[in-house]
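Sequence lines set the chain letters: A, B, ... in the order given, protein chains first and strands last, and positions in each chain run from 1.
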Amino acid sequence: MKGRFDGATALITGGAGGIGTGVALRLGREGAHVAVADLTVSQAEVVAARVRQEGGRASAHALDVTQAEDVQRVLGEVECLAGTVTLAVTCAGIDSQFAFLDLPPEEWQRTLAVNLQGTFLVMQGVARRLKAKGAPGHIVAVASAAAKRPNPTQAHYGASKAGVVNLVRSAGVALARDGIVVNAVCPGVVDTAMTQAIHMERSLLTHLSVEESLDRMIQAIPIGRIETVDDVAHVVAFLLSEEANYMVGQAVNVCGGLAFD
Amino acid sequence: MTQRFEGATCLVTGGGGGIGAGTAKLLAAEGAHVIVADLSLERAREVAAEIKAMGHAASAHSVDVTSEASVAQLVDESWRENGPVTMVVTCAGIIKIQPFLDLPEADWDRTLDVNLKGTFLVLQGVARRLVREGLQGRMVAVSSVAGRGPRADVADYAASKAGVISVVRSAAMALAKYGMRVNAVCPGVVATEMTYAIQRMRAEDSGGDPDEMLAGAVAGIPIGRIETPEDVARAIAFLLSEEAGYVTGQALNVCGGLEFD
């Protein structure tokens, strides 16, 4: 499998997070230059250093995905450093737990800005540069199984991810004839710091312990184990490869059987 | 990417048809011993001979997927000759263009028998044997974009393919605890004999030209080109591979952007 992405330049937003890190390491091992972008550049640098430690090529970039100019700046930086971004994975995302009736509008807005608008800005920025060069590319957005299920304690998160699923369809069809392949993955309960934090917050709402809250969730997964970041990264890598070139605008559930459509 | 399936035995039903033959060849090229099973032993033999001529491993069998006894015999013979069948791809399917108001009961029954019951019997037949022997397996059923949306002139076919998506979900849930994964692919307009036959039948009904009708159908595909059996086979191979280890009960649209949910 080594070398599938030899010579390619990959941008990973939210690259310092759990899934972002897994994807960065995976693409680094398979030959891509990995531009690790995150709100906190020092954390992005930690991941870039891990990629380099494994013999890969990587750079770290500070990026606020909600700011269009910031996205443009990072795309320019990466292009100067390693060439046009032909592989993009949008992992930047936030979540919080609120009872529906208590969900503050500011929280709704912030979540939609990062998860949905941020995905749009990166996707559009990457695609514009590809189109200008007449180059093909692959973009994968990280949505969530939450996009396809009710989310009583995170309605804002569910709505933002459902938006990502629809955005990917629109972008997928809009860009298909330019050879720009756009798809999404919908992970389930992934073993990351974000999931721990979700259950920490949720335990305050449900009065279950954090472990109980997470255990109940895992017991409901048909495949019977928590998802690893590698489970997600494998499918992301497939969707970034030539093997998936006839898939347009799809959101692949990688969730051990939690969600279907 | 070669030799992903070294040492595995894979059963492909409908292996004499377009998608079946394409899948059989790809899996054999990646190291699997492929059992090409088809209602027509002659077509199965042709495909197996082509695979062997390329230096890979295959054998040919006849099967009537609508008969539990025939499927059981196929499973027994496969096991006896090539050891445990740990991968299955069900491609056997039929289609006939008929206006909804004229669709005869007998044709409805025949289509549902082959496409839906046949898929069920093969999945169940192989799964029973695997569970009995304490082995794990991976299965992919070929559904269709027709299983996702309305089809005025192939109501039976569309219903059968929607049923395949459902049986795949149920089988995935039932078999997850045995470490088995079951998924489907939903191809779009694939360059196969079946597709050309559909265009001829539709042209006959409408008095149009089959080539023009096919060109019209292809123009409606967002990606702008007809699907090849290899496009489908690559997605099937991915679902059979370890890379899809956390993907189960899913129906992947591999259709150039024709369908989404």
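Only the side chain of A:Ile221 comes within contact range of chain B, judged by heavy atoms closer than 4.5 Å. Interface remark: B:Ile223 contributes backbone and side-chain atoms alike to the contact with chain A (heavy atom separation under 4.5 Å). Interface residue A:Ala259: only backbone heavy atoms are found under 4.5 Å from chain B. No part of B:Leu239 comes within reach of chain A, as not one of its non-hydrogen atoms sits under 4.5 angstrom from that chain.
If you take CD on B:Glu243 and CG on A:Asp230, they are separated by 9.5 Å, rounding to the nearest 0.5 Å. Atom OG1 of B:Thr248 sits about 11.5 Å away from atom CG of A:Asn253, to the nearest 0.5 Å. The OG1 atom of B:Thr228 sits 10.5 Å away from atom CG of A:Asn245, with the distance rounded to the nearest 0.5 Å. B:Asp261 CG to A:Gln250 CD: the interatomic distance, rounded to the nearest 0.5 Å, is 9.0 Å.
Of the residues considered (B:Ala176, B:Gly256, B:Ala251, B:Gly224), B:Gly256 shows the highest number of contacts with chain A, using heavy-atom pairs under 4.5 Å. For the set A:Thr228, A:Val165, A:Val235, A:Asp178, the count of heavy-atom pairs under 4.5 angstrom toward chain B peaks at A:Val235. Among A:Ala251, A:Cys255, A:Pro187, the residue with the largest count of heavy-atom pairs under 4.5 Å with chain B is A:Cys255. Of the listed residues (B:Leu258, B:Val247, B:Ile165), the one with the most heavy-atom contacts under 4.5 Å to chain A is B:Val247. Of all the listed residues (A:Val232, A:Leu175, A:Val248), the one sharing the greatest number of non-hydrogen pairs under 4.5 Å with chain B is A:Val248. Per-residue heavy-atom pair counts under 4.5 Å with chain A were compared for B:Val232, B:Val254, B:Leu175, and the maximum is reached by B:Val254.
Here the rule is side-chain contact (heavy atoms from CB on, under 4.5 Å) with A:Tyr246, and of B:Glu230, B:Arg234, B:Arg225 only B:Arg225 fits it.
Contact check for B:Leu252 versus A:Met247: side-chain heavy atoms found under the 4.5 Å cut-off. A 4.5 Å side-chain heavy-atom check between B:Gln250 and A:Phe260 finds at least one atom pair inside the cut-off.
Minimum heavy-atom separation, B:Tyr246 to A:Ile226: OH-C, 3.5 Å. When all heavy atoms of B:Ile221 and A:Arg177 are compared, the closest pair comes out as O-NH2, 2.8 Å. Contact record, A:Ala176 with B:Pro222: CB-O, 3.6 Å, taken as the closest heavy-atom pair.
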*Show the numbers, then the answer: is there a side-chain contact (heavy atoms from CB on, under 4.5 Å) between B:Phe260 and A:Val168?*
CA-CA 10 Å; B:Phe260 298 97; A:Val168 160; over 6 Å; no
_B:Arg169 vs A:Asp261, test: side-chain contact (heavy atoms from CB on, under 4.5 Å). Steps then yes/no._
CA-CA 11 Å; B:Arg169 290 176 178 174; A:Asp261 269 340; 3.1 Å; yes
_salt bridge (charged side-chain N to carboxylate O under 4.0 Å, His left out), that's the test. Do A:Arg169 and B:Glu259 meet it? Break it down for me._
CA-CA 10 Å; A:Arg169 292 177 180 178; B:Glu259 277 287 348; over 6 Å; no
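At most 12 non-hydrogen atoms from other residues, nucleotides or ligands lie less than 6.0 angstrom from CZ of A:Arg50.
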